[in-house]
Amino acid sequence: MTNLKSKSQNPKYLKWIGLLVVTMLVVVLVSRLPAIADTPRHYDELDFDPLPPIQLPDYTRYQLDNGMVVYLMEDHELPLVSGIAMIRTGDRLEPADKIGLATMAGVVMRTGGTTEHSGNDLNVLLEEKAASVETSIDTSSGSASFSALSEDLDLVFDLFAEVIQKPAFARAKLALAKQQLAGQIARRNDDPGDIASREFRKLIYGDTSPYARTIEYEHLDNISRNDLITFSQKYVYPENMILGIVGDFDSEKMRSLIEEKFGSWKSASAPAQPKVPDASQAQLGGIFFVDQPQLTQSNIQMGHIGGKLNSPDYAALSVLNEVMNGFGGRLFNEVRSRQGLAYSVYGVWSVRYDYPGLFIAGGQTRSETTVPFIKSVLDEIQKLRTSPISSEELAKAKESVLNSFVFNFQKPEQTLSRLMRYEYYGYPEDFIFRYQKAVTATTIEDVQRVAEQYLKPEQIVTVVVGNASQIKPALTSLSQDITVLDITIPEPQNS
């Protein structure tokens with residue numbers, strides 16, 4: 001007690017206690033004050049570290065004795081394994097009187113089960129393991145894929161190999177696939193954007209082109225189970241496939257598993273060498289209209305045939321794309337923001353790997369601003385052809401192209417998929433790095449040159465899906481020659 005009393009009477013002690021109390025009060029008061037944020041900076045004042053260069057993960061590529069190419073890429077971050085087989089086929093190879101054959105073959109190859117497991121049995125086995133096996137065929141390729149936990153790999157991979165090599169093409173599942181396609185035919189005019197896109201492709205490529213053909217009810221009636229079997233046997237064989245697997249596995253064990261399941265597989269007939277159909281522009285220019293009286297806005301697509309990914313000018317065209325398109329691009333800034341003519345607006349040089357793609361511009365606008373919208377888009381295209389872009393536009397566009405390209409390689413499966421596609425379409429292994437270098441080297445003069453060379457206003461086809469009574473001024477203010485398109489769906493022959 002005496003000691004405590006003596007301390008309480010000590011001036012230095014009292015001063016120390018006082019300072020401590022004041023400090024605690026300040027801390028309490030400060031903690032209750034609202035946070036004061038830094039003054040926000042404009043986005044162009046922010047500094048970011050440069051994105052790291054693309055680094056390809058380690059992978060193995062080899063070939064089985066039967067000709068099937070295999071890519072393996074280990075990734076042990078998660079206990080998962082996935083794979084995809086690219087098959088050299090596509091609906092562009094189906095007969096003109098059996099449109100839809102490839103699509104149905106791709107669907108029923110999986111839903112129809114195998115000679116050892118029905119489609120429903122496959123569903124149960126895979127659902128029990130939270131796994132999947134899927135198949136499909138699109139315009140220029142077919143695919144079969146799987147995903148599974150590492151511990152279930154043997155079972156799922158066995159089913160995957162079975163689906164590829166022993167499809168049953170069950171009649172009941174073919175009938176179901178036809179019914180589903182018939183439903184799609186019946187609904188194909190429900191969305192005005194879909195109408196514009198479909199009719200635009202038909203005008204560019206031609207309505208009989210394999211890149212623009214439309215499935216009708218009569219085509220479904222022409223397709224039998226034997227057609228699916230014949231189509232599958234013609235294109236699904238080991239020399240015609242590239243198999244890629246990525247995930248949590250040991251490469252040596254995986255090679256043994258692949259050899260066990262695919263090593264003895266042989267093609268059922270002499271391997272086919274499919275010829276890739278070419279494409280050219282069928283309709284050179286013109287304005288085409290689809291009247292939809294229920295609409296209060298117009299869907300517009302305008303453009304012409306484009307090019308391939310392997311064009312020596314693709315890098316410069318990518319930069320031009322960025323100047324023209326997207327948030328902050330010329331079309332967005334001028335047509336949407338400054339003039340207020342569009343809900344959405346775009347302009348894209350869209351390429352394909354092995355046949356010419358499309359140059360597509362367009363968007364959505366109010367019915368009464370349809371004509372001003374079309375004029376404004378054409379004006380911006382012409383400006384790009386005749387006037388150099390600024391150095392600021394060039395720098396921003398190149399940075400955006402390069403930065404966005406890096407994000408295509410965030411995950412091992414993304415990288416593996418791209419490597420497989422390059423081989424599938426005959427592109428060099430280092431195409432990724434060639435493209436990056438070409439973008440980096442692109443100049444203002446390059447962009448000006450490709451804009452003048454590749455953008456062709458005189459060949460632009462314009463498709464408008466809208467309400468004729470509300471489009472004022474009328475489309476005839478652009479041209480007296482307006483072609484009205486008939487999009488009536490032919491009735492089934494057996495109705």
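Bear in mind the structure is a predicted one, so any value in this text is a computation, not a measurement.
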Compile the donor-acceptor pairs under 3.5 Å between side chains in residues 275-288 and protein atoms, sequence neighbours left out, one pair per line.
from, atom 1, to, atom 2, distance (Å)
Gln281, OE1, Ile305, N, 3.0
Gln281, NE2, Gln283, O, 2.9
Gln281, NE2, Gln459, O, 3.0

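- Within the structure, the salt bridge (Lys or Arg N to Asp or Glu O under 4.0 Å) test picks out no pair touching residues 63-77 (sequence neighbours left out).
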Atom pairs and distances, donor-acceptor, side-chain atoms in residues 176-185, under 3.5 Å, two or more places apart:
from, atom 1, to, atom 2, distance (Å)
Lys178, NZ, Leu220, O, 3.0
Lys178, NZ, Ile223, O, 2.5

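- Within the structure, every pair that satisfies the side-chain hydrogen bond (donor to acceptor under 3.5 Å, both in side chains) test and touches residues 100-112, not counting sequence neighbours, is listed here: Arg110-Asn123.
- For the side chain to side chain donor-acceptor pair (under 3.5 Å) test, no residue two or more places apart in sequence or in another chain qualifies with Tyr427.
- For Glu380, the salt bridge (Lys or Arg N to Asp or Glu O under 4.0 Å) partners are Lys383, not counting sequence neighbours.
- Listed by first then second residue, pairs satisfying salt bridge (Lys or Arg N to Asp or Glu O under 4.0 Å) with a partner in residues 281-296 number zero, not counting sequence neighbours.
- Judged as a salt bridge (Lys or Arg N to Asp or Glu O under 4.0 Å), and not counting sequence neighbours, Lys456 has no contacts.
- Ring planes of His304 and Phe359: tilted class, angle from 30 to 60°.
- In this structure, Tyr346 has no ring pair (Phe, Tyr, Trp, His ring centres under 6.0 Å) partners at least two apart in sequence or on a different chain.
- Identified under the side-chain hydrogen bond (donor to acceptor under 3.5 Å, both in side chains) test for residues 150-161, with sequence neighbours left out: Ser150-Asp248, Asp158-Lys261.
- Partners of Asp191 by salt bridge (Lys or Arg N to Asp or Glu O under 4.0 Å), not counting sequence neighbours: none found.
- Taking the salt bridge (Lys or Arg N to Asp or Glu O under 4.0 Å) definition, one finds that Arg187 meets it with nothing, sequence neighbours left out.
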